[in-house]
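Residue indices begin at 1 and follow the sequence shown.
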Amino acid sequence: KRTWKCWNKSRGGHEDDQGTGAPPPGEEKAAWRPHSSLPIPEGVLISSVTPLFLSSSFLSRQHETVIPSELPLGQELTSTLREWAVIWHKLYVTNKTTQFRHVQQMTYSLIEWRSQILSGTLPKDELAELKKKVTAKIDYGNRILGLDLVVRDDNGNILDPDETSTISLFKSHETASKRIDERIQEEKSLQQNLDLRGQTIFNTTHTYSLYVNFKNFVCNIGEDAELLMSLYDPDLSKFISENYLVRWGSNGMPKEIEKLNNLQAVFTDLSSSDLIRPKISLVCQIVRVGHMELKDGKKHTCGLRRPFGVAVMDITDIIHGKVDDEEKQHFIPFQQRQLIMSPLITSHVIGENEPLTSVFNKVIAAKEVNHKGQGLWVSLKLLPGDLVQVQKDFSHLVDRSTAVARKMGFPEIILPGDVRNDIYVTLIQGEFDKGKKKTPKNVEVTMSVHDEDGNLQEVGGGVSEYKSVVYYQVKQPCWYETVKVGVSIAIEEVSRCHLRFTFRHRSSQESRDKSERAFGMGFVKLMNADGTTLQDGKHNLIVYKGDNKKMEDAKCYLTLPCTKTEMEEKETPSGKNLHHLTNFTPTKDSTKDSFQIATLICSTKLTQNVDLLGLLNWRSNSQNIAHNLRKLMEVEGGEIVKFLQDTLDALFNIMMEMSENETYDFLVFDALVFIISLIGDIKFQHFNPVLETYIYKHFSATLAYVKLTKVLNCYVGNADDSSKTELLFAALKALKYLFRFIVQSRILYLSGVASSQHHWRGYSSACPLSLNLEYLSGIFVACMTAILRQMDDFHYSHYINTFKTRQDIIDFLMETFIMFKDLIGKNVYAADWMVMNMMQSRVFLRAVNQFTSVLNRFFLDQTSFELQLWNNYFHLAVAFLTHESLQLETFSQAKRNKIIKKYGDMRKEIGFKIRDMWYNLGPHKIKFIPAMVGPILEVTLVPEPELRKATIPIFFDMMQCEFNFSGNGNFHMFENELITKLDQEVEGGRGDEQYKILLEKLLLEHCRKHKYLSASGEVFALLVSSLLENLLDYRTIMHDESKENRMSCTVNVLNFYKEKKREDIYIRYLYKLRDLHTDCENYTEAAYTLLLHAELLQWSEEPCVAHLLQRDSYCVYSQQELKEKLYQEIISFFDRGKVSVSAVFLHFTGESLLWECSWLKLKKRATFYENIMKAMRPQPEYFAVGYYGQGFPSFLRNKIFIYRGKEYERREDFNLKLLTQFPSAEKMTSTAPPGEEIKSSPKQYLQCFIVKPVMNLPPSYKDKPVPEQILNYYRANEVQQFTHSRPVRKGEKDPDNEFANMWIERTTYTTAYSFPGILKWFEVKQITTISPLENAIETMELTNEKISNIVQQHVWDRSLPVHPLSMLLNGIVDPAVMGGYTNYEKAFFTEKYLQEHPEDQDKIELLKQLIALQMPLLAEGIRIHGEKLTEQLKPLHDRLTACFKELKKKVEKQYGVITLVSIPGCLVRLSVTSVASSVVSSSSTSSDSTSSRPGSDGFVIISFYVGFT
């Protein structure tokens, strides 16, 4: 055995890894090194895989020809090992241990055998034998590794397809494939047997068995005993299985000494439903066989069966598969039953008069059992499969000598041919009058089977009668003993048989016992008068008493009722009982006795359903066939599947033998459909294999296909007949199996008349329908390929000339093209039949090329052009070129080289032909636009450079053709179709970066040379290139774990389609984006995404076109209906996203009809408004994120995005999320824009900081009082601009005035969509820098805005606390706090500044106005502050008043007085920043005309006029 010996302790390997073939951890790559272009694991003897021994070489000019001296098999071994080694390496790297070990084992075997072959020392016979082993191993390994099938001759040599006929090649493939399948099946079966020891349950198994090995029984009885073991369900108090009987001797050994150490049983037919029972127990009843009492002597009666004890074990874990150890011995403690009246009874002893089920339940419930070491020892194992299967798979456990105890009921699957006729009779209980005795009787029940003449029949197992257990002096004994009556007689004789029960008192004194005679009897017939079998369930039998001899005479009692129910039915109207008819001598107390039994029929021949019985016995009652066929469809499904084969046989026999009556054909057809539908039901779906087995192994109606097809055609032909609608629907649902019956019947018919009867019948009976059809099509294609292969150019030409008319040629070519295309699309041969597939492709290619000359010759000019024929040719050629068997880039390098060497790249040949045929079309090209755009695109997307270069120019030719011939002077049809198909193809996995580059390059080259297409063509080429880039990004990122990246790419694509007005594709991507959002619980963004769809619709009754509905399949007709449904879904998403729905409606004011829609009820709208005013809506943070460096994808690289955070999301959490998404990224600490060095770096750099949204109120709210809650909404929503400010000092710091050279750099972000929108992020637009003067103006604007807001709030709500107002006023009025206006005066209001910045004259005036404007606002604030004055605040208020007087005096003197004139009763919003904002914006470098900080948040309660004094 070879191992990787290079891995040892001296080389760093682990000691535990030595000899295992595993390299040390972390050195996987080092374990492989190239040798002869093949990675081979080190440690494997390199000499054993050296590729070739060279014996000679011939130099011809500068080329060397190498001739190998190896045997062909040696060469094959070398190439196989190379190919396997690549796969072996992949298995190792991907840590697929099991497969790795498997390939390792096979590889080592091949290496060893190759060494033996190359040694040249093997005798000829051994070499031949080894050759067989080697080829078998190679073929087997190739199959399990997904490699190609190798076809060989009888000697194991690889067949040369050029030297082998096509039919022989096909048969060789078929033989080789079948041989490998058989080998794999054997391997699987062997592996399954090995794995079963450690495996519990197989999902595909429907039947299970429990193996029980009885090891020993220890109990101090002193007499013989019977141990009856069975499976028991304690929850249902029900026995599941038959009893396994062990007879135990008084000497402590089995009665059958030859079975010592071989007491084994298997409980079979357990179903999967049994395995999921909550509890299941193995119970054992110990019956003592001897005297009535253990103390009795010789003169006492012996041979009595007396209850002695029980033993119970919970085997639920074993049945559930949790415990699986066949070697483990389980001890089951024994618990004794004693007489209830015994004076020595202990508390734990269970009475003799209790029912057996009650005894078992009490033992199960008991926590502890005082067993004193007495009990049973068993070992257990659950086995998957029925009896036949476990005897095969577990022959070491189960053999022919193993006892079998079947389940009292059917398994889940009853296969055709399975025959079972068991009747289970349970003696339940009885009540017997003690008569003249002082104590109750010791009743023994004897059960026997008799025919109507009284002849005794065998009960089963060679026993003629069964004797029950005797309970001592119990008036109402409860036996619960189950006896299986095996019906060994003919089924026809069952109707003549009955069960007889005789009752006898057993005395403990032998002398008295001999004189005791049966004191009563009862009976029950096995079949009812209507021919049905005795019903399952309990039966209360009548106990007859009388003359013993007459009790044994069947003719005396069979005319009497056997059960009390029957007796009640037979009573005369006068109420007199029928007992006077009996010859018995009844006593007064005879009616006091009662006896109850229960029966269960498990039979595949005996039915309890009278309707089913009538059908099965149709020959004996032919006049009721129609009635029985109709009643069949009312029979319970479980009863039908038990008699599936007999029922189907009866149906087809009626159809064949009663063929003159067409009525039966329809009734049989309906019954057959009913049965097929029944088996299709989930309840009986596991009977599908049974039905298939019947069809292919037992079905024999050779002409049934005639009848079935006739009825089916009739139903289909009368589909408009409402009376047959349900029957037709049922037949269509059952079509699969109906056709299997039809095809199998036809095959059987053909096999009866064909000369190859034996072959066909054998094949069709052994293979399912799919294989039959596959075999037929395979032979057909092989024969056709063989014929075409023999034809040369002359044959093709001659064959075409044999057609008399032009239409004949058209029909031939049409049919041939369609047939070739169908065969190519259906993959007649398996994917691993590489040689056969390539042979077929090569022959088809030659034939198609021959037919192209016919097309050019007969059907190209203007008068004879055949559009459909040419269309079929192009589609056939494209299907051939794109067939998976020719896509060489998907194969391994070895296979690719092999194909190219033998067959070349057939794609190029057919692709060049497609190009030539297209250019031959001339003016007919316009007829193929846009239909041929998609197929040609498929051709160009094939990753073969030469093919792409040859076929991409066809696109330009199509553009040119439409431009010249469409009459519109454009190529819109081509453009739209190319965009549509390109989207489909790229999403399907085709296309790459090289294709994008080549497509753009070739289209631009051709367009720029064209006189009229140079401009529009260049735009289109760049457009397609851009689309391809987006689609490739989208396809790549769709497999990314980051859904954010997937959303970004989706938006890029849908924006493209929106720009191109391709609503169909645009909407499709909208819903993809919607799904991504809902997956991430971004419900607000999902709502805005759907809103884009709604905006495409009108409030009209105009019907919806198909693409507007998309995939959600709204059941609507008009656009208004669809729009309403979309809005309902949008509202639902908004509500889930915790966005104020009413505020969102404010955004829809342009859609005036929305407010008039009946679907938006006023009450519902009022609820939304109430929510916006009262509900707490958290305001999200906004983050700016910059992705710098070449390490990011192109759609992120060196770009900045605004992100809308989630509720209560902090910047630290957001940063962590970003770094998790990009773990290799480096976080930037500065908020300054990065330099080119970082942007061009191959690394990834992340920059993240908080930005502030700029509120943008709708125009309708300007100068109006708006509630604060609505303002809060607009502060964080419907925003499209965001700012981030950071201080930047320019020049040296002025110690006297820090504001003089303090600049504020403010970055403004303008997004394509407002927030919230279709994404949680949008891209940055611009950066704006403001001067110190503008900074001062902004500061004053903000201060005035704050004063205005707080004044307004106190006017509206007098209950507000005064402290915030106090702090604000103190900070402005007291110069010691903020420095007042002195700094502004020193910095800007000087002659020097005006000389240096004359352009700022207007801004200085504005700043002065803002300072002056602050005075009346402060005056209003101080007035309100005085109204709310408290004693504690009085000193502060006095200080504020004094400072304000001084400040006001100074300001009014320097900057003038502004008065606010009140207009009574009018509330007008004061916009204190409107003028200032316009000045700032006009001097800003930003192109945005809106205010960076609109002061539209503040309110005052008075209107004002501004004037200077």
Side-chain angles (χ1 to χ4, degrees), residues 1-4 6-7 17 20-23 25 27-52 73-115 133-152 158 173 176-177 179-181 183-184 187-188 191 830-835 837-838 884-902:
K1 180 181 178 180
R2 300 185 185 277
T3 58
W4 293 358
C6 62
W7 296 113
D17 294 331
T20 64
E27 298 193 26
E28 291 87 346
K29 294 183 179 179
W32 302 85
R33 63 184 181 86
H35 177 73
S36 303
S37 74
L38 171 71
I40 296 176
E42 293 189 11
V44 176
L45 298 183
I46 299 301
S47 61
S48 65
V49 289
T50 301
L52 297 174
L73 184 58
Q75 300 175 39
E76 185 184 359
L77 272 167
T78 301
S79 61
T80 300
L81 285 169
R82 291 185 177 209
E83 201 164 9
W84 286 11
V86 176
I87 300 174
W88 192 20
H89 180 214
K90 290 179 181 178
L91 293 175
Y92 179 79
V93 172
T94 55
N95 200 27
K96 296 181 179 178
T97 310
T98 304
Q99 293 172 275
F100 175 84
R101 298 296 180 199
H102 197 181
V103 177
Q104 182 185 45
Q105 182 182 8
M106 294 190 298
T107 302
Y108 287 166
S109 298
L110 290 188
I111 291 173
E112 185 67 34
W113 293 338
R114 182 177 180 276
S115 300
K133 289 170 61 178
V134 169
T135 54
K137 181 69 75 174
I138 291 175
D139 295 344
Y140 171 75
N142 284 343
R143 172 63 65 85
I144 65 173
L145 293 177
L147 301 176
D148 291 326
L149 178 70
V150 179
V151 285
R152 311 175 187 278
I158 298 178
H173 276 85
S177 184
R179 183 180 64 249
I180 297 170
D181 287 340
R183 169 74 188 283
I184 290 176
E187 291 280 343
K188 284 184 178 179
Q191 188 63 38
D832 62 343
W833 288 26
M834 189 268 288
V835 176
N837 282 318
M838 298 308 295
E884 57 186 12
S885 66
L886 299 180
Q887 308 313 308
L888 303 182
E889 62 281 345
T890 63
F891 304 146
S892 65
Q893 187 64 47
K895 181 176 179 179
R896 198 179 311 152
N897 295 339
K898 200 182 301 181
I899 292 176
I900 291 177
K901 180 180 178 182
K902 188 74 176 177

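- With respect to R152 and E76, a salt bridge is recorded, a charged nitrogen being found less than 4.0 Å from a carboxylate O.
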Hey, mind stepping through I158 and V151 against side-chain contact (heavy atoms from CB on, under 4.5 Å) and telling me if it holds? CA-CA 6 Å; I158 298 178; V151 285; 5.7 Å; no
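- Proximity of a side-chain donor or acceptor of N142 to a complementary backbone N or O of V150 within less than 3.5 Å is not detected.
- Of all the heavy atoms in I144 and H102, the pair that sits closest is CD1-CE1, 3.6 Å.
- Remark: T80 pairs with no residue by the side chain to side chain donor-acceptor pair (under 3.5 Å) rule, at least two apart or across chains.
- A distance of 11.5 Å separates OH of Y140 from CG of D181, quoted to the nearest 0.5 Å.
- Closest of all the heavy-atom pairs between R143 and S177 is NH2-OG, 3.2 Å.
- Evaluation of the side-chain contact (heavy atoms from CB on, under 4.5 Å) rule for R179 yields D139, T175, A176 as partners, not counting sequence neighbours.
- Residues satisfying the side chain to side chain donor-acceptor pair (under 3.5 Å) criterion with K90, sequence neighbours excluded, are absent altogether.
- Remark: the W833 side chain and the D148 side chain contain no N/O donor-acceptor pair separated by less than 3.5 Å.
- Using a distance-only test at 3.5 Å, with no hydrogens or angles considered, no donor-acceptor pair links the side chain of R114 to the main chain of L77.
- Minimum heavy-atom separation, V103 to W84: CG1-O, 4.5 Å.
- For W113, the side chain to side chain donor-acceptor pair (under 3.5 Å) criterion is met by no residue, not counting sequence neighbours.
- Between I899 atom CD1 and F891 atom CZ the span is 5.0 Å, to the nearest 0.5 Å.
- Looking at every heavy atom in both residues, T890 comes nearest to Q887 through OG1-O, 2.6 Å.
- Across every non-hydrogen atom of S885 and M838, the tightest pair is O-SD, 3.9 Å.
- For E889, the salt bridge (Lys or Arg N to Asp or Glu O under 4.0 Å) partners at least two apart in sequence or on another chain are R907.
- Rounding to the nearest 0.5 Å gives a distance of 11.5 Å between OG of S109 and CD1 of I138.
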Applying side-chain contact (heavy atoms from CB on, under 4.5 Å), run through L110 and K137 and close with a yes or a no. CA-CA 8 Å; L110 290 188; K137 181 69 75 174; 3.9 Å; yes
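- With values rounded to the nearest 0.5 angstrom, W88 atom CH2 is found 9.5 Å from R101 atom CZ.
- Legend: residues meeting salt bridge (Lys or Arg N to Asp or Glu O under 4.0 Å) with K898, ordered by chain and number and at least two apart, are absent.
- When the shell of 6.0 Å around NZ of K96 is examined, it contains 12 or fewer heavy atoms from other residues, nucleotides or ligands.
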